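These values consider heavy atoms only, across backbone and side chains, with no hydrogens, waters or symmetry-generated copies. From a predicted model like this one, the values you see are computed outputs, not experimental measurements.
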Amino acid sequence: MNLLTSSPMKTDIELVLEELSESGNLRRLPEQDMRTDLCDLSSNDYLGIGSRSDLRKQFFSSGKAEDLIMTSSASRLLASRQNPYSRLEQSINTAYGHKKRTLLHNSGYHANTGLIPALASIGKIFIIADRLVHASIIDGIRLSGVPFTRFRHNDYAQLDNLAAKAVADGMRPLIITESIYSMDGDCADIDTLVDIKRRHTGAMLYIDEAHAFGAVGEGGLGLCRNCHGAVDIDVIVGTFGKAYASAGAFSLSSHTLREFFVNRCRSLIFSTALAPLTAEWTHFIFELSLGMDSERSQLKQRSIELAEITGGDYAPSHIRPYITGDPKSALEMSAQLRQYGFNVLPIRRPTVPPGTDRLRFSLSAALTKNDMDSLACAFKEIKKNNVRK
């Protein structure tokens with residue numbers, strides 16, 4: 001008898017998979033497409049660095065990588081090789097200013113699931129998060145074990161009221177948002193968030209800039225860098241796996257908070273650190289990216305063109321959704337775009353709320369005007385054909 005096949009749990013798992021398949025929500029890991037003519041509009045390679053062989057050659061010919069091995073073989077607290085991490089952290093400190101201090105993390109997910117529970121342990125914390133924050137933030141909130149609520153997306157009047165109530169109830173508000181939202185591509189009002197934080201005694205402000213760092217702002221340093229109250233943002237999170245074409249993440253905070261995180265951030269303490277080679281490559285790219293204003297300008301232009309192609313009420317951004325309303329329509333339209341040479345993957349529930357299933361267009365500075373003209377023609381033809389059905 002095959003115990004695995006006859007197990008009731010196996011039957012339950014199969015039922016779940018069947019339900020996902022029937023609803024159009026079954027996910028599978030894709031195989032690498034061997035087509036060379038496919039234009040990728042689902043990557044987070046916002047500056048187009050990931051495909052630049054010239055930068056890889058420059059890095060490896062510079063001698064920076066010669067003495068670096070492929071693994072740290074230990075957590076950050078135990079690793080013998082620290083210089084690559086320290087150099088990268090210091091470089092970000094210098095670029096950002098405001099007396100902020102950088103701490104590296106293995107990924108944005110590691111950062112949010114480690115930093116949020118750590119912050120939540122320092123008193124009577126009440127978390128107030130935007131309803132559309134990323135899943136890694138939601139998981140961090142759940143791991144914290146503290147009471148929380150979520151305010152309507154970018155509804156700062158509601159946020160202000162919730163923070164006031166938390167203070168009146170003897171709680172300390174921890175406000176959590178993103179700067180550019182990963183699924184809708186719209187932006188938070190950072191100045192307003194800082195003002196709300198300042199109005200409420202003991203409040204803390206935590207902003208995830210994963211989709212902004214590298215892609216927007218002066219030097220690509222995101223939306224928080226030049227807001228009027230950047231010094232009052234308690235924690236800023238950014239990632240290297242998107243615009244910086246590397247791996248890992250970082251947090252910016254005060255010196256005191258950084259020291260606290262080193263001692264209380266479990267995802268940092270109990271994970272093998274990034275490879276020294278990865279940290280050195282990130283440092284190399286970060287320094288270059290500070291001067292990539294032409295790439296950021298190109299990315300903004302592509303965003304404007306995409307807004308004209310897809311229509312809708314969404315603010316221009318290098319992330320732009322096209323709402324189909326149901327998962328099967330998203331799958332079908334994705335397949336149709338693929339026939340025209342464009343890789344635009346569908347985003348379905350539970351990643352987004354039911355009824356907001358979509359195609360998520362994610363742009364790169366490497367896209368040309370010809371690419372966008374071809375996309376416009378394909379999009380127009382697909383919409384026309386779908387109306388005929």
Side-chain angles (χ1 to χ4, degrees), residues 19-30 33 38-46 108 129-138 150 152-155 177-188 208 210-212 215-216 241-242 299 302-364 367 371-372 374-387 389:
E19 182 180 342
L20 289 172
S21 180
E22 290 172 1
S23 65
N25 285 303
L26 183 65
R27 290 162 170 79
R28 288 191 173 92
L29 296 176
D33 199 301
L38 198 62
C39 184
D40 191 357
L41 297 177
S42 284
S43 165
N44 293 326
D45 183 21
Y46 300 136
D130 189 289
R131 183 160 294 281
L132 295 188
V133 291
H134 189 268
S136 63
I137 293 176
I138 295 170
R150 295 162 73 182
R152 290 183 294 272
H153 180 51
N154 283 346
D155 186 337
T177 75
E178 297 179 43
S179 61
I180 293 180
Y181 283 83
S182 59
M183 289 297 125
D184 288 78
D186 58 348
C187 303
D208 189 333
H211 293 275
V216 300
K242 299 177 176 64
L299 182 62
R302 298 290 87 91
S303 302
I304 293 170
E305 292 162 359
L306 180 61
E308 294 171 352
I309 292 169
T310 61
D313 298 327
Y314 306 100
S317 168
H318 51 280
I319 301 168
R320 192 170 183 84
Y322 182 79
I323 308 298
T324 64
D326 70 86
K328 291 183 178 179
S329 295
L331 283 167
E332 182 178 358
M333 194 167 188
S334 174
Q336 291 170 337
L337 280 167
R338 193 175 192 81
Q339 292 177 350
Y340 282 92
F342 295 96
N343 183 44
V344 189
L345 296 179
I347 305 296
R348 297 158 285 169
R349 55 182 182 267
T351 305
V352 293
T356 67
D357 305 274
R358 66 193 65 189
L359 297 180
R360 176 183 180 269
F361 290 85
S362 186
L363 299 177
S364 167
L367 293 167
D371 292 329
M372 302 307 291
S374 297
L375 176 63
C377 292
F379 202 80
K380 183 177 180 180
E381 191 66 22
I382 289 169
K383 287 186 69 178
K384 183 172 65 175
N385 292 338
N386 288 343
V387 168
K389 293 179 181 179

To the closest 0.5 Å, what do you measure between CZ (Arg302) and CD1 (Ile304)?
9.5 Å
Intermediate values then yes/no, side-chain contact (heavy atoms from CB on, under 4.5 Å), Cys377 and Tyr340
CA-CA 9 Å; Cys377 292; Tyr340 282 92; over 6 Å; no
Separation between CG (Asn154) and CZ (Arg152), nearest 0.5 Å, reads 12.0 Å
Is there a side-chain contact between Ile382 and Leu337, using heavy atoms and a 4.5 Å cut-off?
yes
Worked check of side-chain contact (heavy atoms from CB on, under 4.5 Å) between Asp357 and Ser329
CA-CA 8 Å; Asp357 305 274; Ser329 295; over 6 Å; no
When you measure from the side chain of Thr177 to the backbone of Asp130, do you find a donor-acceptor pair of N or O atoms at a distance under 3.5 Å?
no
The side-chain contact (heavy atoms from CB on, under 4.5 Å) partner of Arg320 among Leu41, Leu306, Asp184 is Leu306
Minimum heavy-atom distance Ser179-Ala212, with the two atoms named
OG-CB, 3.4 Å
In short, Ala210 meets Asp208 closest at the heavy-atom pair N-OD1, 2.9 Å
Distance, nearest 0.5 Å, that separates CD1 of Ile319 from CD1 of Ile180:
6.5 Å
Main-chain N/O of Ser182 paired with Arg360 side-chain donor or acceptor, under 3.5 Å:
yes
I need the Asn44 CG to His211 NE2 distance, nearest 0.5 Å.
5.5 Å
For the pair Ser303 (side chain) and His318 (backbone), establish whether a donor and an acceptor sit closer than 3.5 Å, ignoring hydrogens and angles.
yes
Using 0.5 Å steps for rounding, measure from the CD atom of Gln336 to the CZ atom of Phe379.
10.5 Å
Counting N and O atoms only, with roles assigned by atom type, does the side chain of Lys380 sit under 3.5 Å from a partner on the main chain of Ile309, one being a donor and the other an acceptor?
no
Would you check if there is a donor-acceptor pair between the side chains of His153 and Asp186 at a distance under 3.5 Å?
yes
To the closest 0.5 Å, what do you measure between CE (Met183) and CD (Glu178)?
9.0 Å
Kindly indicate whether the side chain of Glu332, heavy atoms from C-beta on, has any atom under 4.5 Å from the side chain of Thr324.
no
For Leu20 against Ser23, the heavy-atom pair lying closest together:
O-OG, 3.1 Å
Quiz: residues 344-356 side-chain donor-acceptor pairs under 3.5 angstrom, not counting sequence neighbours:
{"unit_1": "Arg348", "atom_1": "NH1", "unit_2": "Gly24", "atom_2": "O", "d": "2.6"}
{"unit_1": "Thr351", "atom_1": "OG1", "unit_2": "Arg27", "atom_2": "NH2", "d": "3.4"}
{"unit_1": "Thr356", "atom_1": "OG1", "unit_2": "Pro353", "atom_2": "O", "d": "2.6"}
{"unit_1": "Thr356", "atom_1": "OG1", "unit_2": "Arg358", "atom_2": "NH2", "d": "3.3"}

